[in-house]
Amino acid sequence: MSSVPEGSAAAGPGRTSPGTPASVTPFPAVGTSSSEPVPEVVGTELGTAAPPPGTGPDSARGKASPQVKTSLQVLRSLDSGPRGLVEARAEERLTRFGENVLPAWRPVSRPRRFVRSLRDPFTSVLLCLGLVSAVVSAYGTACVILALVGVSCLLRSTEEHRADRSTAALRELVATTATVVRRASADAAPREREVPVADLVPGDVIRLGPGDLVPADVQVLRAGGLTVHQSALTGESAPVAKYPLDAPDPALDGAGPFARPQLCFQGSSVTSGSGTAVIVATGGDTRFAAAHDGRARQRGASAFDRSVQGISWTLIRFMLLTPPLVLMANAALRGRGLETLPFAVAVAVGLTPEMLPVIVTTALARGAARLARTSGVIVKRLPALHDLGAVDVLCLDKTGTLTEDRPVVEEAVDGADLPDPGVLGWAALSALWTLQLAELPAPDALDEAVLDAADEAGGWGPSAAYEGVAALPFDPVRRVATAVLRRPGRAGVHTLVTKGAVEAVLERCALDGNERERLLALAGRKAESGLRLLAVARADRPARPGAYTPADERGLTFVGLVALRDAPTPSAADALGVLARRGVTVKVLTGDHPGTAARVCQDLGLRTDTVGGGDGIVTAELVDALSDTELARVADRATVFARCTPEHKARIVSALRAAGHTTGFLGDGVNDLPALHAADVGICPRNAVDVAREAADVVLAKKDLTAIDRAVLEGRHSSGNIATYLRITLSSNLGNVIAMLTAGLMLPFLPMLPAQVLVQNLCFDAAQLAFAFDRPAAAALRRPTVLRSRDFLRFITGFGLLNAAADLATFGVLALALHNATGTEGEAAFHAGWFTENLLTQALVLVLLRTGRSAAERRAGGPLRAAAAGLAVVGVLLPVTPLGLLLGMSALPPLYYLLLGSVLGLYAVGLTAARRRYERRHPAGVEQERSVRKAGAEL
């Protein structure tokens, strides 16, 4: 077996891995009991009550860790031993320390979730308007508004509750048992048995094997080729060798916890080998659980929050100004008093897009349901779907997303750096016989890649004739593995084939100093280009019956190097191209070596910009040297950030947000938690660690950029419908309010009664529900969708004035058609005429103001066309029905309809011309088009 970290020729024990924090903060002692000696503070080596990895103050300052303890010292401090705990002692500790479970998120009740939905600023304003309407005895208006608020809160709380249930079900996908060594009594023999992970306690001795999840924070007591995958905690893709520490090692005093070979942490998994370990921390005391710190879950306002708040406060200012203006104008010009207060409130309500909370929630809920049904994507927080549609920068780690976390052989070369298939043959032979003779359960990733490459090459060359005699498996201290072979027909000769870390193999070769330095330099150059390296050497020895030992690994002849690289995900290159065309720029934030990250980007065709160095890769050292302002400028231009700790990832994401980008972050480990919280929308796959799934806003079926593209499209779909609704509704409402205020000052009577305003709003609101089911324009899916209050203000002002002009022209039509009408009959006819005109103009707006669509799209049928037709029918027929009479409206003369048709025709022509002019001036959003071109240039 062999295990060599990425981006280096070899890495010795105690060497700090990429992305590993330099130190860690101690956590409190395990606990006390009158019936049992108090265990010493073993956890000071693990730092489990500290902030998440890389986010604490020590990691930034490089403070040295406490003295490292040996296995014997740890067992003594825990009052345990290699034979495990006595069952009675384990039960006592379970009662005292609690179950070994992560601190679960406290479920939010339905009533609390419903009330929390009222925190939306616009929903709060609607609630206040409903209460004010009730105070001024406009009970119909109050009931309608309060009903809309209730429906919106119910829809949002129900959808989020459903998403929480789906996410909670994912928690069941983790391992639930572990193999523990315990004794029935102090004199009984130790016995291995499976127990629930929740029943493990500090001091328990457990067995670890390939594929096992580490169930708690442990210290290794014995190990045989044990390697552990810590990517969930550090982001480092290469497995890390673990072995016991039999004597204090001063070299490890300043090392981070993940660099210590004797420590394993909850959330990591065993890649190869086996081992025995003692549990030193469980439950909330583990480093894994430190991610539940409440401070880590705090996040700023998302893109959706900022958009809705900007639009809401613009409308709130209008609504707060409207009632006082109506009252003062009527009092000054018409001598009316508080009797116009219901009309003033009705005008304010008329300006309000009452259906905004309902339509926003319905559109997002339908989009979330489609994603869950078609792609297995769970949207836990409904506004996150809009944020996905607005994302213009996607940050991610390369492991498992851009690469398959599976190495493949790039080349096999001899000492002169010339291709040599024989090197690969000897390496494969060593891997094969080591696997079989050492009875290892499975090859590690590097050996498997070597074996696959040898098979694909069509044979192993002359080495294929050899048979295995003995094997010395990979050992983390030796950092090499050796197979002892014999060839039929060569009696009396055994061939030793050794492979492993470059430095370790060269130490065992018969080389002079200059040749060794030359080979080390060659390996260093290849490592800098992002390749992992295995060195191969061999030697012939006289056959002997005795066992072979590591002492025989001397005087070897150097054969060559096998270089491996990470295999790109098959869909990654195409997905990156699609995201670029959609205006989404991808940033790679990885804990790996800069050369490894650069190699992956090169393989995928992702171009890296030159920032702060000739290689175009920004390292963590450069990030530390930059201020927040400088980092925002660098992050905007750079594509790859290497050797990133969790703190670096979160800071880079925050810098991108500060630069005005809407950011998404894809992560799956504890080390990704700070960045998940820092992003506008946090994304993780369903096989992510529990705390990452709980922190994320969106959970993918698998870690796949294609799934993210589908989620982005669905977000833009929903956001496009919301944006179209806002443009159409606000422009129409503003025009009606301007005309209503003008008419209120010109006429001796109210232009519309409050009940008529209420019915008109109800009809328009019912038609607006079609926006949640509409198909957005194709242009809306080609770029990030951002709801900017300034853009909306310009749009609704221009088109609102045009709508007001049509309303005022209708006054002239009514004056001409009703010149003989007087008194109450004239008022009722005027109310009916304006009611009809309002609904007809709103129907025209629904059809004609769908900006960014082609002529074919505008002619196509759909929910909005059906809704507009229904609205027009109601506007024409309602005044002549008994309900119209009850509302104070009467039938109109035929002349009115003829003249109104002319006004509506002119209005349609003006609306179409204005829309085309707007589209010419804003073809796709200049800034957004620039982002599309910039993203496309990345590939």
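These values consider heavy atoms only, across backbone and side chains, with no hydrogens, waters or symmetry-generated copies.
No side-chain donor-acceptor contact under 3.5 Å links T557 and R538. A donor-acceptor pair shorter than 3.5 Å cannot be found between the side chains of Q230 and S268. Side chains of T590 and D397: a donor-acceptor N/O pair is present below 3.5 angstrom, by distance only. Judged by distance alone, the side chains of E621 and T619 do bring a donor and an acceptor atom under 3.5 Å apart.
Here the CG-CD distance, from L424 to E456, works out to 10.0 Å after rounding to the nearest 0.5 Å. A distance of 11.0 Å separates OG1 of T286 from CD1 of I279, quoted to the nearest 0.5 Å. Rounded to the nearest 0.5 Å, atoms CH2 (W426) and OG1 (T498) are 11.5 Å apart. Rounding to the nearest 0.5 Å gives a distance of 6.0 Å between CG of L396 and CG of L705. Distance check: R508 CZ to F558 CZ gives 14.0 Å after rounding to the nearest 0.5 Å. Annotation: the span from L245 atom CG to T70 atom OG1 amounts to 7.0 Å, rounded to 0.5 Å.
Here the closest non-hydrogen pair linking L226 and S274 is CB-O, 3.7 Å. Heavy-atom minimum distance, L446 versus L564: O-CD2, 4.1 Å. Contact detail for V502 and A523: the closest heavy-atom pair is CG1-CB, 3.8 Å. Between P685 and G667, the shortest heavy-atom contact is CD-O, 3.6 Å. Residue A481 comes nearest to T434 through the heavy atom pair CB-CG2, 4.4 Å, listed as atom of the first residue, atom of the second, then distance. The heavy-atom pair separating S77 from V74 by the smallest distance is OG-O, 2.7 Å.
A heavy-atom distance below 4.5 Å is not found between the side chains of V423 and L561. For the pair V278/L78, a side-chain contact is recorded, criterion being any heavy-atom separation below 4.5 Å from C-beta on. Between L200 and I206 there is a side-chain heavy-atom pair separated by less than 4.5 Å. Counting heavy atoms from C-beta on, the side chains of V218 and L263 never come closer than 4.5 Å. For the pair C395/L666, no side-chain contact is recorded, criterion being any heavy-atom separation below 4.5 Å from C-beta on. Under the 4.5 Å side-chain criterion, counting only non-hydrogen atoms from C-beta, V562 is not in contact with L533. Within the 4.5 Å cutoff, no side-chain heavy atoms of K242 are placed close to those of T227. Looking at heavy atoms from C-beta onward, Y548 lies in side-chain contact with H494 at the 4.5 angstrom threshold.
Remark: E411 engages K526 in a salt bridge, criterion side-chain N to carboxylate O under 4.0 Å. Between E553 and R478 there is a salt bridge, with a side-chain nitrogen of the basic residue lying less than 4.0 Å from a carboxylate oxygen of the acidic one. Note on K649 versus D672: salt bridge recorded, some NZ/NE/NH1/NH2 to OD/OE distance being below 4.0 Å. A salt bridge links D566 to R532: at least one charged side-chain nitrogen sits closer than 4.0 Å to a carboxylate oxygen.
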Evaluation steps, side chain to side chain contact (heavy atoms under 4.5 Å, CB included), between L485 and W433: CA-CA 8 Å; L485 313 172; W433 288 111; 3.5 Å; yes
Start with the C-alpha distance between V505 and L534, add both sets of side-chain angles, then the distance that settles side chain to side chain contact (heavy atoms under 4.5 Å, CB included), and finish with yes or no. CA-CA 9 Å; V505 171; L534 288 175; over 6 Å; no
Can you check side chain to side chain contact (heavy atoms under 4.5 Å, CB included) on R565 and V408, steps first, answer last? CA-CA 6 Å; R565 59 177 174 83; V408 295; 3.8 Å; yes
Report the C-alpha distance between E194 and T179 in whole Å, list the side-chain angles of each, state the deciding distance to 0.1 Å, and finish with yes or no for side chain to side chain donor-acceptor pair (under 3.5 Å). CA-CA 5 Å; E194 293 287 320; T179 303; 2.5 Å; yes
Run the side chain to side chain contact (heavy atoms under 4.5 Å, CB included) check on D420 and V413 step by step: do they pass? CA-CA 5 Å; D420 186 351; V413 298; 6.0 Å; no
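Under the 3.5 Å distance criterion, the side-chain polar atoms of D217 are matched with a main-chain donor or acceptor of Q266. Although no hydrogens or angles enter the test, the distance criterion places a donor-acceptor pair under 3.5 Å between the side chain of N100 and the main chain of P215. Using modelled atom types, no side-chain atom of R207 and backbone atom of V180 make a donor-acceptor pair closer than 3.5 Å. In this structure, the side chain of D204 engages the main chain of V201 through a donor-acceptor pair within 3.5 Å.
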